[in-house]
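Here is the structure we will look at, set down as structure tokens.
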Number of protein chains: 2
Amino acid sequence: MAYKAPVKEHLFLLNEVLNLQSHANLPGFADATPELMSQLLEEAARFCEGVLEPLNAVGDKEGCRHDPATAAVKTPTGFAEAYRTMVEAGWSALSVDPRWGGQGLPGVLNLAFNEMASSANMAFAMYPGLTHGAFSAILEAGDEAQKALYLPRLATGEWAGAMNLTEPQCGTDLGLIRSKAVKAGDGSWKITGEKIWISGGEQDFTPNLVHLVLARTEGAPAGTRGLSRFITPKFIPGQDGTPGARNGFRCVGLEEKRGIHGNATCFMSYEGATGFLLGEETKGLRLMFVMMNEARLGVAVQGLAQAEAAYQAAAAFARDRLQGRALTGPKNPDGPADPIIVHPDVRRMLMDSRAVIEGGRALLFWTILHQDIERGATDEDERIRADDVVQLLTPVVKSFLTDRGFKVCSDALQVHGGSGYTTHFPAAQYLRDSRIAMIYEGTNGIQALDLVGRKLPAHGGRAMMAFLAELDAYAAEPADEAVRPFVEALKSAKAQLQEASLWLMQNGVADPDAAAAASHDYLNVVALAGLAYMWARMAKAAQARIVAGDADPYYANKLITGRYFLERILPEAGAHLAKLKTGAAPVMALAAEAF
Amino acid sequence: MAYKAPVKEHLFLLNEVLNLQSHANLPGFADATPELMSQLLEEAARFCEGVLEPLNAVGDKEGCRHDPATAAVKTPTGFAEAYRTMVEAGWSALSVDPRWGGQGLPGVLNLAFNEMASSANMAFAMYPGLTHGAFSAILEAGDEAQKALYLPRLATGEWAGAMNLTEPQCGTDLGLIRSKAVKAGDGSWKITGEKIWISGGEQDFTPNLVHLVLARTEGAPAGTRGLSRFITPKFIPGQDGTPGARNGFRCVGLEEKRGIHGNATCFMSYEGATGFLLGEETKGLRLMFVMMNEARLGVAVQGLAQAEAAYQAAAAFARDRLQGRALTGPKNPDGPADPIIVHPDVRRMLMDSRAVIEGGRALLFWTILHQDIERGATDEDERIRADDVVQLLTPVVKSFLTDRGFKVCSDALQVHGGSGYTTHFPAAQYLRDSRIAMIYEGTNGIQALDLVGRKLPAHGGRAMMAFLAELDAYAAEPADEAVRPFVEALKSAKAQLQEASLWLMQNGVADPDAAAAASHDYLNVVALAGLAYMWARMAKAAQARIVAGDADPYYANKLITGRYFLERILPEAGAHLAKLKTGAAPVMALAAEAF
């Protein structure tokens with residue numbers, strides 16, 4: 001019943017749906033031959049299944065322990081060793097620019113690894129994920145000396161990274177940050193303040209740990225415009241990278257959480273800690289948002305990954321658990337009962353899960369491919385078009401995949417019946433671990449607001465108009481009979497998305513509350529149209545293989561799952577459309593005191 | 001931020017919507033004057049808020065402890081004392097027939113108490129809930145001596161009860177039960193077997209504990225038709241009720257669960273334990289189903305109750321937490337930020353919750369009122385019509401209120417943001433505790449199957465036809481302008497329900513898989529139509545008060561919340577209808593091996 005990495009799904013997307021070979025102009029893509037990708041993902045699967053997955057329950061049970069005397073954090077048994085194995089195998093640097101010691105492979109291939117790692121052990125996979133965030137921040141804004149000092153060590157995972165934003169009085173509203181930075185006189189700064197919910201803020205497996213701290217410099221304005229970012233290493237390194245003096249901050253405690261127990265969520269106290277300004281003073285928040293968008297895509301991966309792992313556990317349980325008889329007559333007549341997978345309502349939950357996972361994975365892979373294009377294309381127009389896709393879809397995949405990921409985990413628990421509610425099965429852990437993904441890196445409500453308030457209106461709606469045009473163009477292409485239902489569904493989903501977008505443009509500008517009241521439902525309409533597009537593309541790719549005589553039932557099954565999406569999930573778009581068009585009044589009519 | 005019992009909501013339903021005074025012909029109803037109900041519910045509120053609620057977090061944190069040496073279970077600190085307080089105050093026997101020592105008040109009034117108790121402390125409230133189940137079983141099937149011995153002691157809660165059905169190899173499929181009963185020769189039976197997931201199977205606050213055990217008698221047929229029920233007291237009582245010899249069974253361990261830690265979920269081992277046959281031999285399952293229907297209504301209460309408590313916590317947090325500014329300009333200009341309740345997407349979650357809680361509560365109260373009518377009416381036709389309502393709606397309220405209850409708890413956690421994911425706030429406990437309600441006493445999938453497979457086709461669809469006719473009749477009554485939108489929505493919901501029911505009658509008989517594949521969505525169509533009906537009735541009752549000059553904003557707010565339901569929840573019925581009409585094919589097309 002242990003997790004199996006979905007390598008075949010990944011290769012289908014990379015080779016047949018996204019056709020990476022057709023992007024050979026992008027850096028690293030020519031190297032990513034089908035053979036190399038297959039070998040690499042099989043090897044990744046062995047690492048995730050064999051090393052990370054067995055530690056998932058261990059991490060959940062043991063959690064992390066904090067020693068108040070030394071401020072040290074002990075991670076669960078086996079985590080440190082698994083981390084070293086990962087670093088030695090080079091998994092962290094798969095898609096990092098060779099200039100910084102990476103392998104320079106496509107980001108979309110690295111995504112497949114990230115999904116596997118997060119399915120196998122979400123709490124563990126967060127450590128390298130946060131390190132990658134610190135890497136990207138310094139790559140984006142560091143000076144040459146900072147890049148030379150930190151990037152190679154963060155790229156490989158030799159050193160780890162962590163992001164410090166939240167304080168007790170501010171989660172979403174970073175304008176309320178109180179942490180202060182004053183000039184030390186030697187070019188560095190002294191940072192003082194309290195930070196909470198710092199994932200991976202302390203651990204026991206790297207010789208250094210680089211905190212990026214958001215703080216307010218002396219004399220800087222109040223609100224979000226007064227914030228700056230600081231590189232604040234646990235041990236202040238010399239120019240050769242040798243970790244030196246212990247810096248003036250410490251982990252003063254760990255948060256008790258509902259899940260992801262294997263990841264240390266730290267209260268950090270900065271007491272005149274030495275920080276090095278990253279980028280320009282008072283430009284901290286803008287830079288943080290660059291990183292945040294990347295982090296949001298990472299959280300979307302977590303939603304998908306937990307859904308996949310939970311679905312697998314549920315499917316295995318449903319095939320094994322004997323209980324009752326099929327309504328159409330025994331399917332296991334020699335056994336005491338039939339496996340519960342014969343029951344249509346169990347199937348409904350499993351098919352719901354499959355259809356969302358496979359469609360959602362495609363949309364996420366497609367989004368990350370556009371990130372690769374944005375980073376690697378030489379043509380400026382192509383780069384801008386790709387960036388538009390990434391910007392538009394980042395809040396959509398973050399919110400949709402984590403909302404639906406949680407639902408898949410809940411359905412998976414439900415398939416287990418009473419067993420799911422006990423701690424003997426992994427279903428309960430998936431449900432608890434996945435729940436945080438709807439909250440951090442911007443709650444899903446914030447994602448929806450980002451979509452309607454920033455991403456949709458940006459450049460006069462350019463990104464959405466291009467997206468709608470792409471759906472139109474795809475629907476106009478010739479298609480086999482077997483693919484026609486997908487094209488028709490895509491046309492209808494596109495029409496609903498267009499109607500919803502038009503409603504928002506007409507009503508959302510005049511009344512920002514109307515836009516915000518519509519935002520959650522609008523995000524779902526975008527996501528469902530996106531999945532309809534992906535299912536059309538997957539159906540076409542699968543049908544092409546069937547027409548070419550490929551007898552692997554994988555392709556026929558892909559069409560079956562896709563039709564389930566069209567018939568039993570896509571109808572939800574109509575309800576979302578009806579709701580969002582009711583405007584702000586139903587949502588805002590009650591006085592605040594009446595709640 | 002602590003839970004406040006919704007006494008005003010209860011009194012609105014009891015007095016103005018259900019108009020209990022108009023049922024004065026039913027036993028106990030004449031005593032339930034508005035004044036008495038108000039006093040009694042205020043007193044109940046003080047007990048639940050003051051005694052049970054403070055123990056909710058304690059119970060979650062401490063859980064129950066099992067001593068393997070003595071098989072004793074220690075419940076959380078304070079539970080035993082609270083239990084004694086409850087028994088002394090007579091809360092357990094509120095609606096029990098005075099013949100057995102109860103106060104004989106309407107069951108629908110007792111429901112209000114049960115909701116409060118379950119909101120305040122679900123794990124605690126399960127103990128008297130299970131006792132009431134044992135009471136009802138013995139009332140239904142016991143002989144006069146059994147009734148005289150057990151009923152008065154179970155009614156007051158002096159003794160407790162527990163139900164023993166599940167075994168490791170059988171949860172849903174009780175036909176697989178292996179526990180055996182052999183004749184002891186003295187009229188009693190010797191029971192041997194293992195039972196799991198026995199809620200309240202052991203505790204430390206009653207001098208005796210009566211287990212009802214489902215077991216197979218010697219020579220009885222395999223499957224569900226060979227099962228009998230046995231009264232199996234922990235201490236075998238003499239005729240005067242004095243607990244005597246310790247019976248031959250023990251709690252051998254406790255289940256580790258995701259939630260309801262304050263309730264002991266026991267592994268029970270029966271080793272030739274003395275049992276007394278309850279009712280007829282081999283008729284155990286049929287009798288168990290009578291109890292199960294009652295237990296299912298109890299679980300529906302839990303779904304509602306956890307939703308109410310979680311909603312209250314979320315609303316309080318949203319009014320207090322300062323973060324960001326309203327999109328339409330500052331609402332708290334002198335503070336550092338506005339309370340997050342100004343944000344439409346936060347409102348959306350709170351309004352979703354209110355509309356479902358208030359509508360769902362009305363449907364549940366209406367159902368239980370019909371249980372009172374079924375039990376107390378002297379007219380046989382009236383009794384049958386009432387029983388039809390209870391039978392039809394039991395799976396609906398169990399499944400809908402627990403599914404939606406969990407969603408409300410998840411939304412409440414979401415309103416808390418990162419704080420919700422930590423253990424400092426009660427939101428996480430509500431989410432964990434509420435999750436079991438979707439599973440036990442028949443999973444929600446089993447409820448849906450019960451609806452389409454038994455309740456809908458029973459007596460040629462009589463119950464559903466009567467329900468549809470009642471909605472029609474209500475929609476045809478004259479209504480104020482303010483109530484018209486509710487009537488129009490009710491008509492449309494009724495038309496969708498009729499279409500769905502017709503589809504099931506035409507397709508479900510020929511293809512049982514089509515009925516089962518449609519069952520979850522059909523159940524939701526029934527529930528949404530039921531809530532539309534209740535909202536129409538509540539709107540009419542509220543509007544009557546407004547027209548009568550009542551200036552309490554409560555009534556205008558009721559209309560606002562109701563309109564939210566019509567505009568932003570009821571549209572989901574259309575999506576459910578579209579899904580259910582796709583039949584079995586999309587759900588069943590994939591081969592079992594492909595999952």
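Throughout, protein chains are lettered first and strands after them, A, B, ... in sequence-line order, and every chain is numbered starting at 1. Since the structure is predicted, the reported quantities are computational estimates derived from the model, not experimental observations.
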Top of A:Pro336, A:Ala584, A:Ser410, A:Ala355 for chain B proximity - count of heavy-atom pairs under 4.5 angstrom: A:Ser410
Which bit of B:Thr265 comes within less than 4.5 Å of chain A, counting heavy atoms only: side chain, backbone, both or neither? neither
Nearest 0.5 Å please: distance from the CG atom of A:Leu413 over to the SG atom of A:Cys409. 9.0 Å
For B:Val342, which atoms come within 4.5 Å of any heavy atom of chain A: side chain, backbone, both, or neither? backbone
Please look at A:Thr166 and chain B and tell me whether the side chain, the backbone, both or neither of the residue comes under 4.5 angstrom of a heavy atom of that chain. neither
If you tally heavy-atom pairs under 4.5 Å between each of A:Lys257, A:Gln323, A:Lys579 and chain B, the highest tally belongs to A:Gln323
Relative to chain A, which segment of B:Leu590 carries a heavy atom at a distance below 4.5 Å: side chain, backbone, both, or neither? both
Among the listed options B:Pro553, B:Ala517, B:Ala518, the residue most often paired with chain A at heavy-atom distances under 4.5 Å: B:Ala517
What residue in B:Met438, B:Met588, B:Gln414, B:Arg321 has the most heavy-atom pairs under 4.5 Å with chain A? B:Gln414
Quick check for you: to the nearest 0.5 Å, what is the distance between B:Lys331 atom NZ and B:His343 atom NE2? 10.5 Å
Supply the atom-to-atom distance B:Leu449 CG to B:Tyr522 OH, rounded to the nearest 0.5 angstrom. 13.5 Å
Partners passing side-chain hydrogen bond (donor to acceptor under 3.5 Å, both in side chains) against B:Lys61 (at least two apart in sequence or in another chain): none
Greatest number of heavy atom pairs closer than 4.5 Å to chain A - which of B:Met351, B:Arg435, B:Arg319: B:Arg435
Which atoms of B:Ile260 approach chain A - backbone, side chain, both or neither, heavy atom under 4.5 Å: both
Structural part of B:Gln169 lying under 4.5 Å from a heavy atom of chain A: backbone
What part of B:Tyr311 gets closer than 4.5 Å to chain A, counting heavy atoms only: side chain, backbone, both or neither? side chain
Between the side chains of B:Arg178 and B:Glu167, is the shortest nitrogen-to-carboxylate-oxygen separation below 4.0 Å, so that they form an ion pair? no
Can you tell me which portion of B:Thr443 sits under 4.5 Å from chain A's heavy atoms? Options are side chain, backbone, both or neither. both
Side chain / backbone / both / neither for B:Asn444 at chain A, heavy atoms under 4.5 Å: both
At a heavy-atom separation under 4.5 Å, does B:Tyr421 approach chain A through its side chain, its backbone, both, or neither? both
Heavy-atom distance under 4.5 Å to chain B: side chain of A:Glu256, backbone, both or neither? both
Highest number of heavy-atom pairs under 4.5 Å with chain A: which of B:Glu567, B:Met349, B:Lys407? B:Glu567
With a 4.5 angstrom heavy-atom cut-off, could you sort out which part of B:Ala448 is near chain A: side chain, backbone, both or neither? neither
Assert top hit (heavy-atom pairs under 4.5 Å, partner chain B, pool A:Ala314, A:Gly418, A:Ala337) equals A:Gly418
Given A:Gly223, A:Ala592, A:Gly445, A:Gly574, the one with more heavy-atom pairs under 4.5 angstrom with chain B than any other is A:Ala592
Tell me which of these, A:Ile446, A:Thr561, A:Ile560, has more heavy-atom pairs under 4.5 Å with chain B than the rest. A:Ile560
Can you say whether B:Ile436 sits under 4.5 Å from chain A via the side chain, the backbone, both, or neither, judging by heavy atoms? both
So which residue, A:Arg354, A:Gln429, A:Glu572, ends up with the most heavy-atom pairs under 4.5 Å with chain B? A:Arg354
For B:Phe406, is it the side chain, the backbone, both, or neither that has a heavy atom closer than 4.5 Å to a heavy atom of chain A? side chain
Quick one: which of B:Ala575, B:Pro586, B:Gly453 has the most heavy-atom pairs under 4.5 Å with chain A, could you say? B:Pro586
CG on A:Leu176 to OG1 on A:Thr224, rounded to 0.5 Å: 10.0 Å
Check whether B:Ala589 gets within reach of chain A through its side chain, its backbone, both or neither, counting any heavy atom under 4.5 Å. both
Under 4.5 Å from any heavy atom of chain B, what part of A:Thr172 do you find: side chain, backbone, both or neither? both
B:Arg563: which residues meet the side-chain hydrogen bond (donor to acceptor under 3.5 Å, both in side chains) condition with it, sequence neighbours left out? none
So what's closer than 4.5 Å to chain B heavy atoms on A:Ala428: side chain, backbone, both or neither? both
I'd like to know if the side chain of B:His261 pairs up with that of B:Asp60 as donor and acceptor (distance under 3.5 Å, no hydrogens or angles considered). yes
What part of B:Arg432 is in contact with chain A, defined as an atom under 4.5 angstrom from a non-hydrogen atom: side chain, backbone, both or neither? both
